[in-house]
Amino acid sequence: MDNLLDHLNEQQREAVEYINGPSLIIAGAGSGKTRVLTYKIAYLLQQGYMPHSILALTFTNKAAREMKERIAEIIGWKYARYLWMGTFHSVFSRILRTEAGKIGFNSSFTIFDSADSRNMIKTIIKQYQLDDKIYKPARVQAMISNAKNALISPQMYAQNKELLEYDQRSKMPVLKDIYRDYNNRLKASNTMDFDDLLFYTNVLFRDHPDVLKSYQERYQFILVDEYQDTNFAQYLVVKQLADAHHRVCVVGDDAQSIYSFRGANIDNILKFKEVYPESKLFKLEQNYRSTQNIVNAANSLIQQNREQIKKTIYSKNDEGERIEVESAYSDILEGEIVSNKIWDIRREKKASYSDFVILYRTNAQSRIFEEALRKKNIPYRIYGGLSFYQRKEIKDVIAYFRMVVNPYDEEAFRRIINFPTRGIGDTTLNKIAAAARAHNVSLWEIIGDSLGYNLNVNAGTAKKLSAFRELIESFIARLQELSAYDLASRIVKQSGIATEAYQDQTPEGMSRQENLQELLGGIHEFCESRREEGLGGIGLMDFLSEVSLLSDQDTDKEADKEKVTMMTVHASKGLEFKNVFVVGLEEDLFPSSMAKNEFRGLEEERRLFYVAITRAKEYCMITYAKSRFRNGQINASNPSRFLRDIDTCYLNVIGGGFGVLNRPETYTNDLHDYTNTLRTSYPESPVTQRQPIAPHQEAGFPPASPRSNFVNARNATPRASAGVNSGEVQVGAVIKHERFGVGKVTAVTGDPDSRKATVEFENSGVKQLLLKFARFEVVG
DNA sequence: TCGTTCTGAGTTTTT
DNA sequence: CTCAGAACGA
């Protein structure tokens, strides 16, 4: 092996070589972060560390897999295979399975995905007879998740005055009880949700110092990827593991912290130095990905953020083209602009479709681009939506697996008790659930002894229940002797899933069959590859524990050649494309209306925009629409404030600026006092408590002082006509609308800039039309 | 227990 | 608008 360090630039080399204490590596976008991590691990091995004494934590299985592969390329699988490398969740779940007994679980515990959690929360809300308009399951779920991520147990929660008062104010006083019940039922089900994997690891280490000690000794060096996305629970586990030796290296980019809504706490990276005063800070500042223009533009944007670690990202690549900014009159026209541009660039540069990506803030925006691309016969691929494992037919089968591995799993039980249909309906299920609650046992135990638990069902139902139980038991009996594949095939056949699937000959039904086939194929592959590697563990339980922590993020996003990619900005993190289109740069969309009232929320949105731009290697275009169809209505939209954060010398603003459009009311509103709205989500754990932001410091974004370049001649011209009305309509007028037909104007409201007409259409009912944009003619 | 109509809500989502 | 979940009827 030649000298590893020769493959690195100076900054990278220093970061790799420093192994005698804690270090923070700030890795700017495109700066070779993965390279540094892999070389650092290889270097550690070269310096005499044993592979099994190195722990490397990532956020996705894909990241872990890729890193392991690259390390194997350098030093060979012989060593790489023994590295402790995986996601927080998978590594912790392995630890928890070995130590399950110590925290009151059985090692065969199964894992709830987010949908399972939400379903259980729904059930509890129903059971309390609460209004799910107030106790919105998703919201309750988020609250519980935040509590767990901050390591607040149900008991602590119920004693925390601040939290209780907060719940009072948000009209959810029984949240604490829901949280308690939810947790109890998870425990009774021998299940953990994603957050529990982190939570209970902390509990384990807190209550069992000897266990902690053994892991501290095992992991002699700890590395963490994407450290800016860690939450409190993750931070604390890492800290505890590293406490004995402080040999910890975290890598991340505070400028790319975009997951706070999942509990990520940017303070972890910002305050690393406070936790480890002796730590070294390394900065990877050379961007190898993008042109100078793109890097500089992105820099000028992110400079508007107040909370960040100082760094100067630079590029030595070509200067490149300016970022193009173009507005469209409507969302549909925005789609056309983008598809035209893709068409042109592809022809001019002989680019492949796979060199293009369209990035949007919300999934709902994809539709219009789909249509625009389809019109031009441009092939595309959308990422997002349901992942393979979230599809109903897959979840159903997985629920059987879960039931077999862990029959106490309540959500799995509910899912399959009547699937395929076996005449056990809601009534019976409710009886079972009530009995389970009354006796504080799982649903499975109730049907195991329905007489003993006084289950009030008729003889027919009782028979069906015992048939179900015997079916599951017959699978359980084979759990040890059969491989995952053999048992899974058996389950699919004998449960009636196969029969049911093959009866459905509709196209959707066929696709479901294919998915089932694919699942079984995947299990087969799982067993085969494990057998080949001689790793053992080819049972259903092994498969399940792996598959429960997989997500679609783990599937390869560049696999599809010759297709334009479309995805949310979030999903694009870590990827790169030659040509990037960032679309929908409008107030209330990007930044999202939900985030704009909070200082930190707004800065996060700006980071999100930063992530979007820095995906581009060569060319970047930013678009926005002046009107957008949202929630069944056409709404006027204003250009995003972020557009004015980018220094105009890196921009080419097509067809006029965005500096003076409809501004005043939008921007003045946004400057209100943030201290009152500091949190819409949960208060943080004491360790990471934020300082309130002093009002005078808040000008993270300037109010309206448009940079001079934007005020060009085009701005002064009246808005073009392009099928848009000039806006003069009187009450009583009869109009003819393109889509809604003929109708009568019954009211005209709103300020001059956004006048709305209420129109009673003959066939389409009453609509509100924004006169500026509505397409109609006055007929009487 | 099933299809149907109706109502209402509507970011982002690494595990 | 579009989708999911509730409500309703058979």
Side-chain angles (χ1 to χ4, degrees), chain A residues 57-64 86-93 111-119 122 126 132-133 136-139 141-142 145 148-149 192-199 225-226 228-231 233-234 256-264 331 359-365 367-368 383-387 389-390 418 421-428 545-555 557 567-575 584 588-596 601 604-605 607-609 611-612 628-635 680 739 764 767:
Chain A
L57 296 167
T58 64
F59 275 88
T60 64
N61 292 291
K62 187 182 162 208
T87 64
F88 281 91
H89 292 82
S90 70
V91 170
F92 293 0
S93 74
I111 294 168
F112 270 20
D113 68 15
S114 317
D116 297 320
S117 302
R118 193 154 55 249
N119 285 338
K122 271 187 201 163
K126 266 209 193 109
D132 64 1
K133 299 270 153 43
K136 290 182 185 152
R139 179 117 193 264
Q141 188 183 23
S145 175
K148 287 188 179 182
N149 288 158
M192 292 199 196
D193 65 18
F194 289 139
D195 302 316
D196 284 340
L197 295 172
L198 312 177
F199 187 95
D225 190 16
E226 307 279 17
Q228 76 280 355
D229 291 333
T230 50
N231 61 34
Q234 289 162 325
Q256 295 186 64
S257 162
I258 55 172
Y259 281 104
S260 74
F261 67 92
R262 303 271 299 132
D331 45 4
L359 301 178
Y360 33 75
R361 178 67 244 264
T362 66
N363 280 312
Q365 287 165 262
R367 248 195 142 80
I368 284 167
Y383 289 93
L386 276 194
S387 78
Y389 293 103
Q390 288 170 337
N418 198 30
T421 336
R422 49 174 73 85
I424 304 173
D426 279 349
T427 324
T428 309
S545 61
E546 189 143 305
V547 93
S548 307
L549 297 170
L550 278 184
S551 76
D552 63 331
Q553 288 299 123
D554 297 325
T555 55
K557 286 192 176 161
M567 58 172 82
T568 62
V569 183
H570 280 95
S572 77
K573 202 174 79 168
L575 305 177
D588 291 341
L589 182 60
F590 202 167
S592 145
S593 56
M594 310 290 222
K596 69 173 183 187
E604 177 155 321
E605 294 282 309
R607 291 193 293 268
L608 194 56
F609 189 28
V611 167
R628 182 172 293 280
F629 208 76
R630 270 226 267 187
N631 308 338
Q633 266 199 331
I634 297 175
N635 293 111
T680 42
R739 273 178 302 128
S764 331
K767 306 272 176 201

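These numbers come from the heavy atoms of this one structure, side chains and all, not from hydrogens, waters or symmetry mates. A, B, ... follow the sequence lines: proteins, then strands. Residue 1 opens every chain.
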Pairwise N/O distances under 3.5 Å, protein to nucleotides 2-12 of chain B:
unit_1	atom_1	unit_2	atom_2	d
B:dT12	OP1	A:Asn363	N	3.0
B:dT12	O4'	A:Arg361	NH2	3.0
B:dT12	N1	A:Arg361	NH2	3.4
B:dT12	O2	A:Arg361	NH2	2.3

Could you pick out which residue, A:Lys573 or A:Gly425, lies toward the 5' side of DNA chain B when each is mapped onto its nearest nucleotide? A:Gly425
Quick check, are the ring centers of A:Tyr360 and A:His570 under 6.0 angstrom apart? no
Spacing between A:Glu226 atom CD and B:dT13 atom C1', to the nearest angstrom: 15 Å
Say whether, by atom type as modelled, one donor and one acceptor occur between the side chain of A:Glu605 and the main chain of A:Gly601 under 3.5 angstrom. no
Using the ring of each side chain (for Trp, its six-membered ring), is A:Phe92 parallel, tilted or perpendicular to A:Phe88, with breaks at 30° and 60°? perpendicular
Nearest whole Å is fine: how far is B:dT13 P from A:His89 NE2? 17 Å
Contacts under 3.5 Å, N or O only, protein and nucleotides 4-10 of chain C:
none

For A:Gln256 and B:dT14, give me the distance from atom CD to atom P, rounded to whole Å. 17 Å
For A:Phe609, check ring-ring contact (aromatic ring centres under 6.0 Å, His included) against everything at least two apart and list the hits. A:Phe590
Residue of the set A:Asp195, A:Asn231, A:Asp193 for which side chain to side chain donor-acceptor pair (under 3.5 Å) holds with A:Lys148: A:Asp193
Any side-chain to backbone donor/acceptor pair from A:Asp331 onto A:Ile368? Under 3.5 Å, distance only. no
Please report, rounded to the nearest Å, how far the P atom of C:dC1 is from the CZ atom of A:Arg628. 17 Å
Has A:Asn418 got a side-chain atom pairing as donor or acceptor with A:Thr421's backbone, closer than 3.5 angstrom? no
Just by distance, with hydrogens left out, do A:Thr87 and A:Ser90 show a side-chain donor and acceptor under 3.5 Å apart? yes
Please state the P separation for the pair C:dG5 and B:dT12 - nearest whole angstrom. 16 Å
